[in-house]
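These notes are about the structure you will find just below.
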Amino acid sequence: MDTKEKNTASVSVRPRENSFAKEFLLVFLVLISSALFNAFLYACSPFQDGKVLEIVYSENMSFSVETGLLFHSLMAGGITIVFSYLFYFLLKPSGLSPIIGKKGKNLLPLSILSLFGLLAHVVLSIILTGFGLHPLLSALIVPFLCSLYYYFLYKLYLEERTYSNALFWEIFRFAIVGLVAAVFDFLVCYLVQFLAFSGNEAVYVTVIATACGFLVGVVINYLMSTFMVYKNAKTNTSKTGKGMLAFFLLSALGLLIGIGIQAFLYDFLFLQKDILFLSYPVDFVIRTLIVMVYNYITRKIFIYR
């Protein structure tokens, strides 16, 4: 067996031992249990102090959220992580024993991405309740979604789907990287647009904010794409100077597309035409999804073949 064959054999993905139906049932039980447990925690929460925090999410637009919800969602998010992984380890829904790797190497990326799940838990709780959903329903929905995310991470790292070239796992890895980069992109954009420039409505502010977010996001995206999403890529182009330049140029074109979309949706339709649905977060999500599809296709074709 030559070196290439050995490498291919070493990264082969183990088939599940349990049937898909059994795996689905076990995972669903964990998701439902996590949701019900978190709803119970909210009902018994000691953080309901009645204090309200006003959050500005677009020009002249804001919503109110109880400060107690922030503390509860942070606590519930941490419990959801522990609860989910504990039962996935114990139940082994696919029938496969988890692989933590030499010196626990698989646990580090799992832990880092789980922290983003915790952040998502808090943000989703704030958004859903801020826009009118009853907090108890939010306490059911959010942990269900987050626990599902943790199961995909469990399979990604502890069942070594990071080496799978199956389309689902490749897109899932790409989506995680895109979302992580988007979080940093959004935070930087928001800080520049609404804090550094105090919500200035000038188009150049949108350009500067979007560019600053891009610079942070593209570095994170490159590192995670190269060393996580396409670990089993057949070529090594991404780690060469030519590959890095191609990654930056393709991302820069994505930036221009993003700036155009953001300027059209936010500066023109929202600010000038008063289409209130297209607030800053909505515009950001639309822009991010369009650019994410563009990034996946172009990087797959030109870099990570």
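Because only heavy atoms are used, hydrogens play no part in the values below, and waters and symmetry mates are left out as well, while side chains stay in.
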Check against side chain to side chain donor-acceptor pair (under 3.5 Å), Tyr222 and Ser251: CA-CA 10 Å; Tyr222 169 77; Ser251 298; over 6 Å; no

In one Ile/Leu/Val/Met/Phe/Trp/Tyr side-chain cluster, 4.5 Å: Phe83, Leu29: no

Interatomic spacing from CG in Leu158 to OH in Tyr151 - rounded to 0.5 Å: 10.5 Å

Side-chain touch Ile141/Leu124, heavy atoms, less than 4.5 angstrom: no

Under 3.5 Å donor-acceptor, Asn106 side chain and Glu160 backbone: no

For Phe214 against Phe248, the heavy-atom pair lying closest together: CE2-CE1, 4.3 Å

More than 12 heavy atoms from other groups under 6.0 Å of CZ on Phe28: no

Lys92 (side chain) donor-acceptor with Phe89 (main chain) under 3.5 angstrom: yes

Value rounded to 0.5 Å, distance of CD1 in Ile297 from CZ in Phe302: 11.0 Å

Close side-chain approach of Asn221 and Asp185, heavy atoms under 4.5 Å: no

Cluster check Val293, Tyr296: I/L/V/M/F/W/Y, side chain < 4.5 angstrom: yes

Within-4.5 Å side-chain heavy-atom neighbours: Phe174 and Arg299: yes

Nearest-0.5 Å distance that lies between atom NE2 in His134 and atom CG in Leu140: 10.5 Å

Steps toward side chain to side chain donor-acceptor pair (under 3.5 Å) verdict (Tyr154, Ser114): CA-CA 10 Å; Tyr154 173 91; Ser114 295; over 6 Å; no

Closest non-hydrogen atom pair between Ala209 and Cys189, with its separation: O-SG, 3.2 Å

Atom pair CD1/CG of Ile79 and Leu118 - distance to nearest 0.5 Å: 11.0 Å

Over all atoms of both residues, closest heavy-atom pair of Ser73 and His121: O-CD2, 3.5 Å

Thr129 side chain to Ile126 backbone, donor-acceptor under 3.5 Å: yes

Tyr266 and Gln193, any side-chain heavy atoms less than 4.5 Å apart: yes

Heavy atoms from other residues, nucleotides or ligands near CZ of Phe20 exceed 12 (cutoff 6.0 Å): no

Gap separating the CG atom of Leu41 from the CG atom of Leu36, nearest 0.5 angstrom: 11.0 Å

Approximate separation, where rounding is to 0.5 Å, of Lys105 NZ and Leu110 CG: 14.0 Å

From CA spacing to verdict: side chain to side chain contact (heavy atoms under 4.5 Å, CB included), Ser84, Tyr149: CA-CA 10 Å; Ser84 299; Tyr149 166 74; over 6 Å; no

Selection residues 122-141 - residue pairs positive for salt bridge (Lys or Arg N to Asp or Glu O under 4.0 Å), sequence neighbours left out: none

Test side chain to side chain contact (heavy atoms under 4.5 Å, CB included) applied to Val27 and Tyr88, step by step: CA-CA 8 Å; Val27 172; Tyr88 293 144; 4.3 Å; yes

Asn38 side chain vs Pro143 backbone, donor-acceptor pair below 3.5 Å: no

Arg173 side-chain N/O to Arg161 backbone N/O, donor-acceptor pair under 3.5 Å: yes

Parallel, tilted or perpendicular: ring planes of Trp169 versus Phe152, cut at 30 and 60 degrees: perpendicular

4.5 Å side-chain heavy-atom contact, Pro135 and Tyr42: yes

Steps toward side chain to side chain contact (heavy atoms under 4.5 Å, CB included) verdict (Thr80, Phe37): CA-CA 9 Å; Thr80 300; Phe37 182 69; over 6 Å; no

Joint hydrophobic cluster, Phe268 plus Ile259, side-chain heavy atoms closer than 4.5 Å: yes

Side-chain heavy atoms of Leu265 within contact of Phe270, under 4.5 Å: no

Smallest separation among heavy atoms of Phe116 and Val180, with atom names: CZ-CG1, 3.5 Å

Intermediate values then yes/no, side chain to side chain contact (heavy atoms under 4.5 Å, CB included), Phe264 and Leu269: CA-CA 6 Å; Phe264 175 71; Leu269 295 182; 3.5 Å; yes

Heavy-atom pair with the smallest gap, counting every atom of Leu31 and Leu148: CD2-N, 3.3 Å

Residues that, via side-chain heavy atoms closer than 4.5 angstrom, fall in one hydrophobic cluster with Val285: Leu289

Closest non-hydrogen atom pair between Tyr294 and Leu250, with its separation: OH-O, 2.7 Å

Leu113 with Ile100, same ILVMFWY side-chain cluster at under 4.5 Å: yes

Test item: Asp283 side-chain N/O and Gln262 main-chain N/O as donor-acceptor pair under 3.5 Å: no

ILVMFWY network linking Ile301 to Ile257, side-chain heavy atoms under 4.5 angstrom: yes

